[in-house]
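Residue numbering restarts at 1 for every chain, and letters A, B, ... go by the order of the sequence lines.
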Amino acid sequence: MDILAELNPPQREAVETINGPVLILAGPGSGKTRVITHRIAYLIKVCGVSPRRIMAVTFTNKAAREMEERLHRLVSGSVNDLTIGTFHAICARILRRDGKAIGVDPRFVIYDDEDQISLIKRSLQGVGLDPKQYAPRAIQSAITAAKSRLLTPADYLQRSRSYFDEVVQRVYERYQQLLTESTALDFDDLLMKAVHLFRQNPQLLSRYQSRYLHLQVDEFQDTNLVQYELMKQLAGKFRNICAVGDPDQSIYSWRFADLRNILNFEKDYPEAKVILLEQNYRSTRLILETAGHIISANQQRKPKELWTDNEPGVPTTVVETYTEQEEAQFVVNEVEQLVSQGEFKLGDCAIMYRTNAQSRVLEEAFIRYGVPYKLVAGTRFYERREIKDIIAYLRLIQNPYDSVSLLRIINVPQRGIGQRTLSELSQWAGSTGLSEYKALQLLAEQKESEATEHRPPFSPRSVRALTGFVDMMEGFIGRSQKLNLVDLFDLVVKSSGYKEYILAGVDGEERWENVLELRTVVREYRDLKPLDGLTVFLEGVTLVSDVDGLDESVSGVTLITLHQAKGLEFPVVFIVGMEDGILPHIRSFDDPGQMEEERRLCYVGVTRAKQRVYLVRAFRRSLMGSSTINGPSRFLQDIPPHLISGGGLWQGEDSQLATAMYSWNKPLPARVATPELKDGDHVRHAQFGDGVVVSCRPVGDDAEVVVVFDGAGIKKLLLSFANLEKV
DNA sequence: CGAAAGGCTCTTTTT
DNA sequence: GAGCCTTTCG
């Protein structure tokens, strides 16, 4: 059977164990994707399971697409009936089809992060609180946390402990009201409502349970409790659930992903078979060892030994530059060199960083040196103002009750509907118990009939402006029944006056280009039935993730955050910003749990690499305007010297370093000036305290020192990193 | 009502 | 350094 042919024994077992629950703990590069696809192919081709009875959950749409393609090749038949996608996309589908049972209108729109914040601000005002006093972000996070534990506002009330809880509870309640009034669901609702739907409709659940004979979840370590609950519901009948994950790559706890899911799995499914995939096929041996040293410093961790038959490869290059500009310069130079030597292509290289803000300097350097690059995200396309505006128009056509979209574009371009008119509108709408749009419709009708029952409080000028807007929208809505999506798009952009508005503003040309770019996306939906096209398009643009746009067929260096890099691999990986305060991020300093997650993030980065790893840091960098000096990342200390190759200080062509050293009277705390140490010397270390040197041997232009510390025990340190003080 | 200017606070990571 | 909010003036 060729589906099993190229698999090692544990992989094979993972593919063949199709009855009952299976937990696959898969180290990086252990052929996880291969196992999942082969397993599904095996189910279809060998076991004769119909694709429509299989559900596979992936972390991104891109992963889903790729898996579908691979399956297509493996099965050499149609897999169109397979249910495959992210949790959010799958839940949206379920709710559109069956959500009515719990009062979910199938025309719902999905609110993204930004929409949520704007709605939370309105909710705060709605309950008489000041959005400046209570950070909307913090409240949003608390609401997400609540929803991740399936708590409704009423449940939250009972658990309310603190003053902040109380605030959250009130806002949460109002926020849900506004969502309902807007016929909208936020990201978390998609998951929570799906679970509620099944809880309240056992017969519906039973239908789904009977349909899905096999369930497959990828990146299991990054699922939250709701997602786990949903899978548990769906697997309730057949219990054929296969979860794949790696606790060492859990990096989404801030999104309330919960590692306990892995522990609970074995509790909820005591008959589960646990399979370990420990052979790495991706990285060189030295890279794997480096990664191993980094991750094994975590305390809260089940030890696990990965191994590989691959070549040893070359040691990791560790480099310090003076500023983040030079860091970028180094990266670009090095990439050019690697490429010119012919061993690697541009597309083989990826630059990874902790925070999005770091991408700018890198981008500038790549532009300056004319090296092609692919930025994953950046100012993410769908978050641009002009894109969100157009989408708001389209959302409003699908669902005029969408208040976030309404308020967003009611005066864009300017139609003489100002702040004052708007607050009068919402007050008037509120007092008559109508949604904003209903109120507007009423107003437009009244203009003709002069009915005076609820006299709207607007000046004639405002009335004209408002009714003008309603008439326009009603026109769009009418036409939307017949027009294909491209024509609808063109109609909206033209008749709303948006095109002139954009072109007249700052960066008009560039922003208009973006609108046209969106139009090319829209073209893919041209052939769908008018209203379906709109729905599918809107859902697609809301649930996209940034990596979804990453195109391997385009040549260029990839610029990507460490989080986004999960699940990907590259021959050459640069991790920049290897500094305490960046990676690990400063926000994790006071929480050991968070610190461990930072370490896992670093581990994820290193294990993306097949051939080469560069760990780069800047001596000083500007953060939020001002310049800061960060020490080397503490994670570097956990890599033994023999796995590191020199590098050391690097100076760019117009380095500011020389100038700096000249103007400062003392040299930089450079490794040039490390003290000579010999056995028996007493030393002091910032972290470990006092100790005695037991050995010191040169490594490259550095030295490896072994010290017995009074408190901290025996440590192997790299002289230049350790900052030892002789006492 | 709207444009312009100045002041403020942050930035971790994202479906 | 940038986006967001408030203030001010026409």
Scan Lys566(A) against the nucleic acid and name what it touches under 4.0 Å (heavy atoms): base, sugar-phosphate only, or nothing.
nothing
Nucleotide dT15(B), atom C1' - distance to CG of Asp548(A) in whole Å:
10 Å
Per nearest nucleotide of DNA chain B, the residue lying toward the 5' end, Gln140(A) or Glu598(A), is Glu598(A)
If I take atom CG in residue Asp222(A) and atom P in nucleotide dT14(B), what distance separates them, rounded to the nearest angstrom?
12 Å
Under 3.5 Å, is there a donor-acceptor pair between the side chain of Asn298(A) and the main chain of Arg600(A)?
no
For Phe87(A) and dT15(B), say yes or no: do the ring centres fall under 5.5 Å of each other while the ring planes differ by less than 30°?
no
Please state how far atom NZ in Lys388(A) lies from atom P in dG3(C), giving the value in whole angstrom units.
15 Å
Does the side chain of Thr561(A) get closer than 4.0 angstrom to OP1 or OP2 of dT14(B) through an N or O atom?
yes
Backbone N or O of Phe59(A) within a donor-acceptor pair of the Asp218(A) side chain at under 3.5 Å?
no
Tell me whether the side-chain N/O atoms of Asn224(A) come closer than 4.0 Å to OP1 or OP2 in dT15(B).
no
Only Watson-Crick and G-U wobble pairs, only distances under 3.5 Å, only runs of 3 or more: what stems does that leave for DNA chain B?
B:1-10 with C:1-10
Quick one: label Gln564(A) by what it contacts on the DNA or RNA (base, sugar-phosphate, nothing), any heavy atom closer than 4.0 Å.
sugar-phosphate
Set out, in order, the CA-CA distance, both residues' side-chain angles and the distance that settles side-chain hydrogen bond (donor to acceptor under 3.5 Å, both in side chains) for Tyr111(A) and Asp402(A), then state yes or no.
CA-CA 9 Å; Tyr111(A) 280 175; Asp402(A) 173 354; 2.5 Å; yes
With the sugar-phosphate defined as primed atoms, P, OP1 and OP2, and the base as all remaining atoms, what B/S/- string results for nucleotides 1-11 of chain B, 5' to 3', for protein heavy atoms under 4.0 Å?
SSS------BB
Using the closest heavy atom to pick a nucleotide of DNA chain C for each, name whichever of Glu114(A) or Glu364(A) lands nearer the 5' end.
Glu364(A)
Given atom CG of Asp186(A) and atom P of dT14(B), what is their separation to the nearest angstrom?
19 Å
Whole-Å distance between dT15(B) P and Asn61(A) CG?
9 Å
Is any side-chain heavy atom of Asp186(A) less than 4.5 Å from a side-chain heavy atom of Asp115(A)?
no
Please report the distance, rounded to the nearest Å, between CZ in Arg360(A) and P in dG3(C).
9 Å
For the residue pair Phe366(A) and Tyr373(A), does the interplanar ring angle fall in the parallel (under 30°), tilted (30 to 60°) or perpendicular (over 60°) class?
tilted
Separation of dT15(B) C1' from Gln116(A) CD (nearest whole Å)
11 Å
Might you point out which heavy atoms bring Ser250(A) and Leu259(A) nearest each other, and give the distance in Å?
OG-CG, 3.9 Å
To the nearest Å, how far apart are Leu124(A) CG and dC5(C) P?
13 Å
Greater than 12 external heavy atoms within 6.0 Å of Lys388(A)'s NZ:
yes
NZ (Lys232(A)) and CG (Asn264(A)) are apart, to the nearest 0.5 Å, by 7.5 Å
On DNA chain B, more 5' by nearest nucleotide between Ser588(A) and Asp188(A) is Ser588(A)
Measuring centre to centre across the rings, with the benzene-like ring taken for any Trp, is Tyr175(A) within less than 6.0 Å of Tyr172(A)?
no
Relative to the ring of Tyr614(A), is the ring of Phe574(A) parallel (under 30°), tilted (30 to 60°) or perpendicular (over 60°)?
parallel
